[in-house]
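Numbers restart at 1 for each chain; the letters A, B, ... are given by sequence-line order, proteins then strands.
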Protein chains: 2
Amino acid sequence: MPIRMGLPESVHRDIRELHLFRDMADAHFTDLMHGAYVQNFPPQIELISEGDTSDFLHIILSGSVDLFSAWNKRETSMATVRPISTFILAATILDAPYLMSARTLTKSRIALIPSQDVRAVFDADNAFARAIVAELAQCYRSMVKAQKDLKLRTSLERLANFLLRQRIQSGGSATFELDFEKRHLAAVLGMTPENLSRAFKGLQPYGVEVDGMQITITDPGDLASFAKPNPLIDDHST
Amino acid sequence: MPIRMGLPESVHRDIRELHLFRDMADAHFTDLMHGAYVQNFPPQIELISEGDTSDFLHIILSGSVDLFSAWNKRETSMATVRPISTFILAATILDAPYLMSARTLTKSRIALIPSQDVRAVFDADNAFARAIVAELAQCYRSMVKAQKDLKLRTSLERLANFLLRQRIQSGGSATFELDFEKRHLAAVLGMTPENLSRAFKGLQPYGVEVDGMQITITDPGDLASFAKPNPLIDDHST
DNA sequence: GTGGCTTATTGACAATAATCAATCCGCGAG
DNA sequence: CTCGCGGATTGATTATTGTCAATAAGCCAC
């Protein structure tokens, strides 16, 4: 059970700097923070379950959270959330059931704002309403990109493009670390862990070397000629 | 090239009744309509191409439009838009490139509102901004459902659930018509036309009979026991 | 360090889906 | 009515992916 407590000033500031909260009125921001909690969670804790109604808007302050979904004994990962950002905003605003479950991947610090407070401030604060538009539009477009990735590419192509994106995100050096388990990566890419192992081998001819969590791409150009990355699928910033 | 003309009063009313435009100020609605066009398109016309920047918010008044995407010589259908609703709202609001292309499936009547007008009114009209939040949240959730459908189900299960949804949407009678070509359905469901043919045969044991575009489901309960429909995937209203 | 756990890998196999090629069918033009 | 076109179906084959089982490798607690 979460224990209600005043938010530390530093957390206050971090949240305020998010695009979502940057432009709203001070009074409304204070209203939101007034009912907010912060809590630390160990890894592998299920924070929310699909089908439940939205009680809190979640903001991840540190750690990482997996948004996943299950049906008929199968389970897949829909997205990974990293600090600092909110998640499950759409369900909160619409007061609709969650479509995805969420669990901590690592030890995580998470702020929770009561959904009814979010909806109340949404009704009152125009800048907040506009910021939500931008946030939702981005989430929507991310989901469109993910669906294109799934429907237009084979698993080998998805892995290749994932590695190219990861390489850029890690600063562009030849060697970088995967920042989560391979079985999780498999779920993200829509394949089984066994297949992921084989897919890594399938990319060896294009200069992909794997040593545990450490990936080396000897010739990004060669890999890209196979992966054919496309900004309308792979550029997660636009 | 579209020819600028005043919108007929009836179209005016139809658009005004959309959730998106219902609550905005009269003056702002008039502003939007002032720069708007209406045009009739024959089937198979590409209205927008992915990668282009958003010039117009589109509103489909009659007919049907396919949102699709291509990559590396492959093509897939992302969604089908039916009257009366808008499409590609996210790109318009963010002034970002389209992620999907759009083409008419049938003869269609479409209203076009200049994107810059939409953005200007978005900045000025708070009710409009809030209506956009609701619209985008719904689009986002539809996309999440589509991704769950894709990642958690086989093609046979996707077809079975599609048929059950379609049956309800057609009024619940045992026999109903598919409202688009099978090759288009195949693209929607993420499979090849050949595989769709075989999938229909694979559903015969569950009481699915196919005669051209006409589908008969003799025992919906039996089909449902195979399809295992789930409101968090298949209920497109919530 | 060692035991016991989870994850990762590998191989053999089965299931699922795509591709290629050959009809079949329905429909509109002439 | 008949031709010709495009979509739909079918069969044969290949490619891709998933499943099951066994083993190896890494990690943590003790």
Side-chain angles (χ1 to χ4, degrees), chain A residues 42-44 66 70-77 103-107 149-163 177-205 208-215 226-227, chain B residues 42-44 66 70-77 103 105-107 149-162 177-205 208-215 226-227:
Chain A
Q44 303 300 329
D66 182 32
W71 175 83
N72 195 27
K73 320 253 173 186
R74 278 164 253 177
E75 183 181 309
T76 191
S77 174
R103 75 161 75 90
T104 52
L105 284 170
T106 60
K107 191 163 72 70
D149 193 42
L150 268 175
K151 286 184 94 171
L152 291 168
R153 289 171 170 164
T154 66
S155 60
L156 202 59
E157 291 164 342
R158 289 199 296 278
L159 176 59
N161 280 292
F162 171 85
L163 293 176
E177 293 265 325
L178 294 177
D179 47 6
F180 38 64
E181 290 180 336
K182 286 183 188 165
R183 69 186 192 124
H184 179 229
L185 176 57
V188 168
L189 295 175
M191 56 210 258
T192 58
E194 294 95 325
N195 244 317
L196 178 61
S197 273
R198 292 174 189 122
F200 271 121
K201 289 201 161 176
L203 291 180
Q204 275 177 9
V208 174
E209 290 162 16
V210 182
D211 177 20
M213 298 273 91
Q214 195 170 294
I215 308 291
F226 167 76
Chain B
Q44 303 299 329
D66 182 31
W71 176 82
N72 194 28
K73 320 254 172 186
R74 279 164 253 177
E75 183 181 310
T76 191
S77 175
R103 75 161 76 89
L105 285 170
T106 59
K107 191 163 72 70
D149 194 42
L150 267 175
K151 286 183 94 171
L152 291 169
R153 289 172 170 164
T154 66
S155 60
L156 203 59
E157 290 164 341
R158 289 199 297 278
L159 175 59
N161 281 291
F162 171 86
E177 293 267 323
L178 294 177
D179 48 5
F180 38 66
E181 289 180 336
K182 286 182 188 165
R183 68 185 191 123
H184 178 229
L185 176 57
V188 168
L189 295 176
M191 57 211 270
T192 58
E194 293 96 324
N195 242 316
L196 178 60
S197 272
R198 292 175 189 120
F200 272 120
K201 290 201 161 176
L203 291 180
Q204 274 177 11
V208 173
E209 290 163 17
V210 183
D211 178 20
M213 300 271 91
Q214 194 170 293
I215 309 291
F226 168 75

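- Shown here are the side chain to side chain contact (heavy atoms under 4.5 Å, CB included) partners of B:Glu177, two or more places apart in sequence or in another chain: B:Met213, B:Gln214.
- Partners of B:Phe226 under the ring-ring contact (aromatic ring centres under 6.0 Å, His included) rule, at least two apart in sequence or in another chain, are B:Tyr206.
- Using modelled atom types, no side-chain atom of A:Thr104 and backbone atom of A:Lys107 make a donor-acceptor pair closer than 3.5 Å.
- Not a single side-chain hydrogen bond (donor to acceptor under 3.5 Å, both in side chains) links A:Arg158 to another residue, sequence neighbours left out.
- At whole-Å resolution of the value, CG in A:Leu152 and C1' in C:dA18 are 15 Å apart.
- Remark on the helix from C:dG1-D:dC30 to C:dG30-D:dC1: inter-end axis angle 40°, axes from five-pair C1' superpositions, rounded to 10°.
- A:Arg198 pairs by the side-chain hydrogen bond (donor to acceptor under 3.5 Å, both in side chains) definition with nothing, not counting sequence neighbours.
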For nucleotides 24-28 of chain C, print each protein N/O atom paired with a nucleotide N/O atom at under 3.5 Å, atom names and distance only.
none

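- Atoms CD (B:Glu75) and C1' (C:dT19) sit 18 Å apart, rounded to a whole Å.
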All N/O donor-acceptor pairs, side-chain side in residues 181-197 of chain B, below 3.5 Å, sequence neighbours left out:
from, atom 1, to, atom 2, distance (Å)
B:Glu181, OE1, B:Arg183, NE, 3.0
B:Lys182, NZ, B:Gly212, O, 3.0
B:His184, NE2, B:Asp66, OD1, 3.2
B:His184, NE2, B:Ser77, OG, 3.4
B:Thr192, OG1, B:Asn195, N, 3.2

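- Annotation: side-chain hydrogen bond (donor to acceptor under 3.5 Å, both in side chains) contacts of B:Asn161 (sequence neighbours excluded): none.
- Rounded to a whole Å, the CZ atom of A:Phe180 is 16 Å from the C1' atom of C:dA8.
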Nucleotide-resolved protein contact map, nucleotides 9-23 of chain D, B/S/- at heavy-atom distance under 4.0 Å: SBBB----SBBB---
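- Listed by chain and residue number, B:Thr216, B:Thr218 satisfy the side chain to side chain contact (heavy atoms under 4.5 Å, CB included) test with B:Glu209 (two or more places apart in sequence, or in another chain).
- Atoms CD (A:Glu181) and P (D:dC28) sit 12 Å apart, rounded to a whole Å.
- For B:Asn72, there are no side-chain hydrogen bond (donor to acceptor under 3.5 Å, both in side chains) partners, not counting sequence neighbours.
- The minimum heavy-atom distance linking A:Trp71 with B:Leu152 is given by the pair CE3-O, 3.6 Å.
- Distance B:Asp211 CG to D:dG7 C1': 15 Å, rounded to the nearest Å.
- Rounded to an integer number of Å, the gap from A:Gln214 CD to D:dG26 P is 13 Å.
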